[in-house]
Chemist: 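If you scroll down you'll find the structure; I have some questions about it.
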Number of protein chains: 2
Amino acid sequence: MTLILGIDPGSRITGYGIVRDTGRGGCIYVASGCIRTGAGELHERLQIVYRGVREIIQTYGPVTMGIEKVFMAKNADSALKLGQARGAAIVAGAEESLEIAEYTATQVKQAVVGTGAANKEQVQMMVMHMLKLTSKPQIDASDALAIAICHAHTRSSLLPHGLGTARSRGGRLRL
Amino acid sequence: MTLILGIDPGSRITGYGIVRDTGRGGCIYVASGCIRTGAGELHERLQIVYRGVREIIQTYGPVTMGIEKVFMAKNADSALKLGQARGAAIVAGAEESLEIAEYTATQVKQAVVGTGAANKEQVQMMVMHMLKLTSKPQIDASDALAIAICHAHTRSSLLPHGLGTARSRGGRLRL
């Protein structure tokens with residue numbers, strides 16, 4: 001029952017979500033939240049992301065991490081800012097010796113909602129449903145949980161047959 | 001005689017340069033080189049930048065770091081990649097408790113050549129001249145040395161007269 005970390009990096013808010021992969025195609029909610037970088041200098045904000053991600057890993061002990069892969073940013077300036085936060089988060093995972101996988105937004109939506117064309121609200125609703133959440137998580141935390149679910153699903157489907165995957169039971173993910 | 005680190009981050013090569021600020025408007029060459037990230041996965045490449053920068057800081061003991069500020073990247077994709085490397089380098093400096101300052105390419109050229117319109121070769125020639133180098137450094141190392149020189153000049157002009165260039169930060173004090 002592997003613990004899986006999902007990270008949705010951002011220059012102001014980095015969402016995180018942790019799920020436990022049951023190994024039977026399902027995920028159980030463990031934790032989620034946001035790292036807010038505040039209004040300090042750039043290096044202070046990046047250090048908050050870096051230390052925040054390391055602290056989460058040290059607290060919960062996930063062994064693997066999924067992070068959203070960005071294909072198109074609005075413009076070069078926002079891409080640079082996002083890249084910096086992403087770099088800080090990825091280095092934190094690497095320094096904690098986690099496996100790290102990247103997923104596009106389309107892959108995440110496909111894994112959670114079943115279609116890459118889903119909108120943010122649909123993703124959030126499905127995350128709540130799949131993890132049996134009674135209240136709506138903050139949107140960045142919800143996105144991070146979606147990434148964690150996508151990562152759990154992808155890892156399961158890559159595991160050798162018989163090691164506990166949803167695919168052998170004909171299910172994509174238990175709903 | 002403060003040691004100053006200059007970093008020119010890049011997704012494939014990160015240049016570094018260390019100079020000693022004489023406190024009399026001059027700089028003495030200490031070291032320079034390149035961190036090459038190779039062809040591994042993204043998190044491995046970012047970890048190489050992060051660990052490389054930390055190792056350089058631990059080896060030479062600079063107290064302050066200048067890094068190039070990017071205004072315009074070619075496109076969003078290259079901005080994202082540059083941002084990730086930049087984030088890894090900045091977090092490394094922050095984790096080593098260095099002061100960190102950002103300079104635009106124009107500020108660096110102005111400080112080294114005297115005009116913000118200088119080209120890369122002019123910057124390289126002036127770096128060689130100012131630091132009395134007998135051989136031409138690799139271009140990324142040369143750019144990093146130019147950033148270090150720019151940072152030295154800017155710091156000197158900001159420090160109160162008579163206080164020299166030593167500043168304490170996070171319990172560290174080097175002269």
Side-chain angles (χ1 to χ4, degrees), chain A residues 5 7 9-12 14 35 37-38 40-55 57 64-105 151, chain B residues 5 7 9-11 14 35 37 40-55 57 64-105 151 169-170:
Chain A
L5 171 63
I7 291 284
S11 57
R12 296 172 61 189
T14 290
I35 302 166
T37 53
E41 287 185 46
L42 173 65
H43 67 274
E44 292 166 339
R45 285 181 277 133
L46 294 178
Q47 197 173 29
I48 286 168
V49 173
Y50 172 81
R51 292 191 170 180
V53 172
R54 288 199 73 159
E55 193 178 315
I57 295 168
T64 181
M65 164 174 151
I67 187 162
E68 192 158 311
K69 190 171 190 166
V70 183
F71 268 129
M72 285 179 296
K74 271 173 287 182
N75 56 53
D77 185 55
S78 63
L80 183 82
K81 286 179 182 162
L82 179 59
Q84 289 169 172
R86 210 167 179 266
I90 290 174
V91 167
E95 285 294 297
E96 292 289 338
S97 305
L98 263 61
E99 291 176 356
I100 301 176
E102 299 179 83
Y103 298 97
T104 64
H151 188 33
Chain B
L5 171 63
I7 291 284
S11 58
T14 290
I35 301 166
T37 55
E41 287 184 47
L42 174 64
H43 68 272
E44 293 166 338
R45 285 181 278 133
L46 293 178
Q47 197 173 30
I48 286 168
V49 173
Y50 173 80
R51 291 191 169 179
V53 172
R54 288 200 73 160
E55 193 178 315
I57 295 168
T64 181
M65 165 174 150
I67 188 163
E68 192 158 311
K69 190 171 190 167
V70 183
F71 268 128
M72 285 179 297
K74 271 174 286 183
N75 57 52
D77 186 55
S78 63
L80 183 82
K81 286 179 182 163
L82 179 59
Q84 289 169 171
R86 213 168 175 264
I90 290 174
V91 166
E95 285 293 297
E96 292 289 338
S97 306
L98 262 60
E99 291 176 355
I100 301 176
E102 299 180 84
Y103 298 97
T104 64
H151 188 33
R169 163 98 182 180

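Here is how names work: the chains are called A, B, and so on, in the same order as the sequence lines, proteins then strands, and each is numbered from 1. Because the structure is a prediction, the values reported are computed rather than measured. Note: hydrogens, waters and symmetry copies are ignored here, and every other heavy atom, side chains too, is used.
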Chemist: Less than 4.5 Å to any heavy atom of chain A: does that hold for the side chain of B:Glu44, its backbone, both, or neither?
Modeler: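 Neither part; nothing is under 4.5 Å.
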Chemist: Does any part of the side chain of B:Leu80, heavy atoms only, come nearer than 4.5 Å to the side chain of A:Leu80, both counted from C-beta?
Modeler: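 A:Leu80 does not reach B:Leu80 side chain to side chain.
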Chemist: Supply the atom-to-atom distance A:Glu95 CD to B:Arg51 CZ, rounded to the nearest 0.5 angstrom.
Modeler: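 Between atom CD of A:Glu95 and atom CZ of B:Arg51 there are 4.0 Å.
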Chemist: Could you check which of A:Gly87, A:Ala85, A:Gly83 has the highest count of heavy-atom pairs closer than 4.5 Å to chain B?
Modeler: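 It is A:Gly83.
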Chemist: I need the residue from B:Gly93, B:Ala94, B:Ala88 with the largest number of non-hydrogen atom pairs under 4.5 Å to chain A.
Modeler: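 Sorted descending by pairs with chain A, the first entry is B:Ala94.
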Chemist: Does any donor atom in the side chain of B:Gln84 or A:Gln84 lie under 3.5 Å from an acceptor atom in the other side chain?
Modeler: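 Note: B:Gln84 and A:Gln84 side chains miss the donor-acceptor criterion.
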Chemist: From A:Arg86 CZ over to B:Leu46 CG, what is the distance, rounded to the nearest 0.5 angstrom?
Modeler: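 So the gap between those two atoms works out to 8.5 Å.
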Chemist: Please find the pair of heavy atoms, one from A:Ala79 and one from B:Ala79, that lie closest to each other, and give the distance.
Modeler: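 Nearest pair, atom of A:Ala79 first, then B:Ala79: CB-CB, 3.9 Å.
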Chemist: Rounded to the nearest 0.5 Å, what separation is found between the CG atom of B:Leu42 and the CD1 atom of A:Ile67?
Modeler: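 These two atoms lie 8.5 Å from each other.
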Chemist: Rounded to the nearest 0.5 Å, what separates atom CD in A:Gln47 from atom CD1 in B:Ile90?
Modeler: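 Between atom CD of A:Gln47 and atom CD1 of B:Ile90 there are 11.5 Å.
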